[in-house]
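A short write-up of the structure that comes next.
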Amino acid sequence: MAKTPTSSGAPRAATPASVTPVGGETHQTATAPEDRLTTNFGVPVSDDQNSLKAGPRGPSLLEDFVLREKIQHFDHERIPERIVHARGSAAHGYFELTKSLSKYTRAKILTEVGKRTDVFARFSTVAGGAGSVDTPRDVRGFAVKFYTVEGNWDLVGNNIPVFFIQDAIKFPDLIHAVKMEADRGYPQAASAHDTFWDFIGLMPESTHMIMWAMSDRTIPRSLRMMEGFGVNTFRLVNDADEATFVKFHWRPKLGTQSTCWDEAVKIAGADPDFHRRDLHETIAGGAFPEWEFGVQLLSQAEADALPFDILDATKLIPEELVPIQVIGRMVLDRNPDNFFAETEQAAFLPTNMPPGIDASEDPLLQGRLFSYQDTQLSRLGSVNFHQLPINQAKGCPFQNLQRDGHMQMQVPRGRANYEPNSLAEAGEIGGPREDPRGGFRTAPASVEGAKVRLRAETFADHYSQARLFYRSQTDIEQAHLASALVFELSKCSIAHVRLRILANLQNVDADLAARVAAGLNMDLPQPSAPAVAPRDMDASPMLRIVGKYPPTLEGRAVGILVTDGADGAVVNAVRAAVEGEGASIKIIAPRIGGVTLKGGKALAADGQLAGTPSVLFDAVALVFSAEGCADLLGESAAVDFVTNAFVHLKAIGYTPEAQPLLARAGIQPDDGVVDLKAAGAEAFPPPARTRQWAREPAVRKLA
Ligand code: HDD
């Protein structure tokens, strides 16, 4: 039968309230003006289902401006992704100062105790594209935009306090080396390949950063559980124009926590958006992530007395030498309303500094002062990117005599677009004026010397702090670091690339080099000749993660795998014990419809077993009936659930009915494997609060 053309002839799945079925077809009734779909210029659209055609089966007509506008907008919906840090997740929140730094700075954000300032924080990986996974081994960006009353302050840092290179001129080389190889376009979001390690081997200044990059810091458990660092040295400047050097630190309230490498790899498959989802869901659930904000302050004389140069971004200042003073906190309490408009269009600029905060001469930072402003032009396409809502100075007005340009959103008034002008004297709009006292003033640091392309000799020690980091780690962390090096170098196909790293590692620590060489099954080459012989420094226990986990389940996730016939009382007891400590629970069942508990009550599932593996949780509980367990013995997803929880050093609670599955998975019970009936549900949280480090030698051969 021929189809009768109608103005809205497309079949609709459901009948919205405003649609009345007429003669078997649906017709839109009149829509209230405020609910109307319109074109970009406000013309009401009568039909959003069909393009305009010459007859119902004829070609589309060029005059269909509704179709053309919609398709054209769609065609241009993407902007170039960030050349680095393309993959990111963000949230809004506030910063609150708890201690004034008025002696050191006139910046209001650092002197007005108790005042809350809006912030927007974006966390990112470095190497992967915008669509890459959340859990590769990679440095994480930690960028915070403070909307202060004296203009935006962007603190654009990382979750590691040092950097790979000392001079910005090497940044394009570093990034080219780590990103996909130029000819083949892979690997994505991975440093484990020849070009990266080739560059690293030839750049000994990167060795300290490599120690951090190969530590568990680069496989964080959650964006909520990462430290943040301003990395570069900045200056605080007071009213008298006196400057003090400053390093900025963020410390997560939940402690710094990491995944296991094998777990991170598996999470990438199970949930490529693991970190983004975690941040979004916890904020939506009201568990707001929080960080302490701290500073290390140094006078010029104190800086001069340090055995390394504070302008060298490959060096940190051990907390044991210059303590961190906590001066504030940041809470992230609101998810973005729109990913593109906010997270993607956010433009962070190290040049965004309010009066009282200033840059140092760090040659890495100096290059950054150019790069970020420049990169926004190709990414956001206009010198007016500061007018986008997410980038606007919200804490104060912004006004100047800059005019015009692509996508000018404002309508400046008056004749005067130049300064100085005297039009105000004629009663016209004169425009804003400079403020010599209140405006941004550069710290009057003295500068001297011939123009040279040279690296300062004070930058030449590339190994002492790498050694400091490695030797400050616990045995577990040292083993993880050595194993990460073995993994990464094993992915390099060019033998001399591996050899050069082994030659350099000997300057860090002979034992580390030997472990990595053994892991690669290679002989150690001659050590490379360091520019400056490394010194032994006092260990800095603050550089560890293991042993610093807060003894709490707060902010973590526990999965309870249930079967039909399971005891609901045990499920409830585990839930109460876990939620009582501030962790969240997810129920996992063989089928998404949930299970029928002993006694006939239904229990809904949050996830289906095959799609919700144990890598997504910090600890798991198995609450089974005997029949339910028997059903799962032939299900590899169930065996993997248990095996992975065990080898990823997680606590496992179980009812005795689950024992056959534990046996099938080859689990040798230890202190982290808890019989929920014999010991009670309250025995489950203590081992779940940490990883079972003592288990590791039994399940994994580390370098
Ligand atoms: Fe950078 C983005 C952090 C050195 C050039 N960088 C970017 C972001 C972070 C950092 C967190 C993402 C911001 C966001 O979420 O949008 N970068 C760092 C740190 C560095 C560093 C901690 C060392 C101390 N960066 C660095 C150098 C250069 C750049 C030396 C160039 C000379 N970085 C850029 C960039 C990016 C960027 C190309 C890409 C997107 C953007 O700026 O807005 O300009």
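Hydrogens, waters and symmetry mates play no part in the numbers below; they use all other heavy atoms, side chains included. Order of listing sets the numbers, starting from 1, for every ligand and every atom in it.
V237 approaches A443 most closely through the heavy-atom pair CG2-CB, 3.7 Å. Here the shortest heavy-atom pairing between K315 and V162 reads C-CG1, 3.5 Å. Annotation for R441 and R106: closest pair NH1-NH2, 3.4 Å, computed over non-hydrogen atoms.
Where the criterion is an N or O separation shorter than 3.5 Å, residue side chain and backbone included, R82 meets it with respect to ligand 1. Ligand 1 has no nitrogen or oxygen under 3.5 angstrom from a nitrogen or oxygen of R379. Residue Y372 has at least one nitrogen or oxygen atom sitting less than 3.5 Å from a nitrogen or oxygen atom of ligand 1, judged on distance alone. In terms of polar-atom proximity, defined here as any N/O pair under 3.5 Å, N232 makes no such contact with ligand 1.
Annotation for ligand 1: atoms under 4.0 Å from non-hydrogen atoms of F142 are 11 (C). Of all atoms in ligand 1, numbered sequentially from 1 with element shown, those under 4.0 Å from a heavy atom of L364 are 23 (C), 24 (C), 30 (C).
When only non-hydrogen protein atoms are considered, atom 22 (C) of ligand 1 lies nearest to N158 ND2, 3.2 Å. Residue, atom and distance of the protein heavy atom nearest to atom 38 (C) of ligand 1 are I83 CG2, 3.4 Å. Regarding atom 31 (C) of ligand 1, its nearest protein heavy-atom neighbour is F171 CD2, 3.2 Å. For atom 18 (C) of ligand 1, the nearest non-hydrogen atom of the protein is R368 NH2, 3.1 Å. Looking at atom 10 (C) of ligand 1, its nearest protein heavy atom turns out to be H85 NE2, 3.3 Å. Distance from atom 15 (O) of ligand 1 to its nearest protein heavy atom, with residue and atom name: R122 NH1, 2.6 Å. Nearest to atom 11 (C) of ligand 1 among the protein's heavy atoms is G157 O, 3.2 Å. Of the protein's non-hydrogen atoms, the one nearest atom 43 (O) of ligand 1 is Q376 NE2, 2.7 Å.
Cation-pi contact between R140 and F123: absent, since separation from the ring centre below 6.0 Å together with deviation from the ring axis within 45° is not met. A cation-pi contact, defined as under 6.0 Å to the ring centre and within 45° of the axis, is absent between K145 and F120.
Using a 4.0 Å cut-off between heavy atoms, T375 contacts ligand 1 through its side chain alone, with no backbone atom that close. Only the side chain of V231 comes within 4.0 Å of ligand 1, counting heavy atoms alone; its backbone N, CA, C and O stay farther away.
Note on ligand 1: A347 sits outside its first shell, no heavy atom being nearer than 4.0 Å.
In this structure, F234 has its ring center at least 6.0 angstrom away from the ring center of F245. Remark: aromatic rings of F398 and H386 are close, center separation under 6.0 Å. Not less than 6.0 angstrom separates the ring centroid of F348 from the ring centroid of Y372.
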#### Entry: Derivation and outcome, side-chain contact (heavy atoms from CB on, under 4.5 Å), residues Q473 and Q478
CA-CA 6 Å; Q473 302 299 297; Q478 287 187 345; 3.8 Å; yes
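Atom 1 (Fe) of ligand 1 lies at 2.8 Å or more from every N, O or S atom belonging to S371.
Between the side chains of E227 and N159, no donor N or O sits under 3.5 Å from an acceptor N or O.
A salt bridge links R82 with E344: at least one charged nitrogen is closer than 4.0 Å to a carboxylate oxygen.
When the heavy-atom distances from atom 13 (C) of ligand 1 to F123, F163, F348 are ranked, the shortest goes to F348.
Checked against D134 for a salt bridge (charged side-chain N to carboxylate O under 4.0 Å, His left out), the options R276, R87, R221 give a single hit: R87.
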